[in-house]
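Structure, as structure tokens:
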Amino acid sequence: MELTDGTLVEKARAGETDAFRALVERHSQRLFRLAYRMTGNQEDAEDVVQDSFLRAFRRLDQFDGRASFGTWLHRIAANRSVDLVRSRTVRFEYGSGGDSVDDPVLTLPARGPSPERVAASSQIRDRVEEAMNELSAVERTAFVLRHFEEMHLEEVGRVLGCGSNTAKHSVFRAVHKLRRALEPLAKSAR
Amino acid sequence: MKHLDDEEMILWHYGESGDDTHPMEDARAHLLECRECGARYASLVSVLDAVEAVAVPERGPEYPAQVWKKIGRDVSASRWVRWPRTAPWNWAAATAAAAALLVAGFVAGRYSLSAPPAEPLLTTNALLTSMPADAGAGKRVLRLAVADHLERSQMVLVELANSNPKFNRSGHLNILSEQERAEALVSENRLYRQSAQFAGQTAVAGVLEELERVLLDITHGPSEISARELDALRQRLESEGILFKIHVLRSNVRMEQPVVMERL
């Protein structure tokens, strides 16, 4: 029978590193996805995952079980990502930067996966990434947790260490900014 | 029903209850009936769908094992100390007990104890919860704990001062590991400093106070520092001579030579 996270945490607290290893194996993939969406960079995301697990292990005594271990871990990873994004002095490596919404390639009619269409998809991706990078760290975190991780706003608030109302308004601001940046693009791609 | 505003639409999209003036069912019905709101909602959905275009690079099934390979050694090496949630009076009692032992250890340390045996290092928690009635054993335990604390502090600072930094592509050095170790040392340091002050050991307390400031600054600083910040930290450590002071204090604590400390 598979042990629950709670049981594994108790065993890890008792000094069983294999129990913590099981938690790492259980949560690594999901934590990487979160970290990547937060940082937009593979290497940074991998660093966040490792740092988060180490930090979680060293703070196991602070895990009080009120939230699930996964939520607690996400909170650590989200905070690490926010720290990293805030401390970063250069922009994300993957933003294209120079593409205009009015780029003729983006307004080509959608008739299947022609080379132009593939190029357009690639540019849409670039624009999305660029738009995501324009969000503040808190907005990005709130949006990622709500949209991709499907956390309820109350849980998002817990991760961010704020109330659900603040989390809600962070999501609103994020969506508003994304709409402003992407709406023309999304229309042209339909 | 009046039109849905953008925020109500977002809440509805995510299945959040929203405010009571627009229950979910009403919103659904309105979106089906109202062309204007329906078009705005379709636009919102198209944007949120576009966001999905950002694909996350796939990590293979071996990824969790790779993560463990990178952190497993640190996890095994970490000496995780479980601090009991004690009442304040317990801390006061523990501090007083530690102070009393420091008095015995530093002030009245005329007994020349032999060099401490290579016992396993004790955690502060173990120290505080096992304050022995036997003063001689207590002094030895305390001295070992203080020496251990100083050694670990010294190691953190030496790693920062002398390491060959590996900066990432954004030109930063990740010091999270050192930061967390510094954070764990701050509480212990505070206890020892207060005890030394209580015991009238101003020179010892002074060094511990300097150490505490450095540890706190590292703890509260960013987890990633630039080459310039690292350089500033190194210069500070060098100019304040904190590493040398810790080294001398540690030697004295181990060898019990309180007089030398007074010269620092």
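- Annotation: the span from B:Leu11 atom CG to A:Phe172 atom CZ amounts to 4.0 Å, rounded to 0.5 Å.
- Residues B:Gln66 and A:Ser28 form no side-chain contact, since every pair of their non-hydrogen atoms from C-beta on lies 4.5 Å or further apart.
- The aromatic rings of A:Phe20 and B:Trp68 sit tilted, their planes meeting at an angle between 30° and 60°.
- Donor-acceptor pairing under 3.5 Å is recorded for the side chains of A:His147 and B:Tyr14.
- Checked options A:Asp51, A:Val24, A:Val49; the residue passing with B:Ile71 is A:Val24 (criterion: side-chain contact (heavy atoms from CB on, under 4.5 Å)).
- Between A:Lys168 and B:Glu7 the shortest side-chain heavy-atom distance does not fall below 4.5 Å.
- For the set B:Glu58, B:Glu52, B:Arg59, the entry with the most heavy-atom pairs within less than 4.5 Å of chain A is B:Arg59.
- Listed options B:Leu48, B:Ile10, B:Leu176 were ranked by heavy-atom pairs under 4.5 angstrom with chain A; first place goes to B:Leu176.
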Please report the C-alpha distance between B:Glu16 and A:Glu154 in whole Å, then the side-chain angles of each, then the deciding distance to 0.1 Å, and finally whether the side-chain contact (heavy atoms from CB on, under 4.5 Å) criterion is met.
CA-CA 10 Å; B:Glu16 301 278 356; A:Glu154 200 177 326; over 6 Å; no

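- If you measure heavy-atom distances from A:Arg80 to chain B, the contacts under 4.5 Å come from the side chain alone.
- Under the 4.5 Å side-chain criterion, counting only non-hydrogen atoms from C-beta, B:Val75 is not in contact with A:Phe53.
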Evaluate the criterion side-chain contact (heavy atoms from CB on, under 4.5 Å) for residue pair A:Val175 and B:Asp6; output intermediate values, then yes/no.
CA-CA 9 Å; A:Val175 173; B:Asp6 288 349; over 6 Å; no

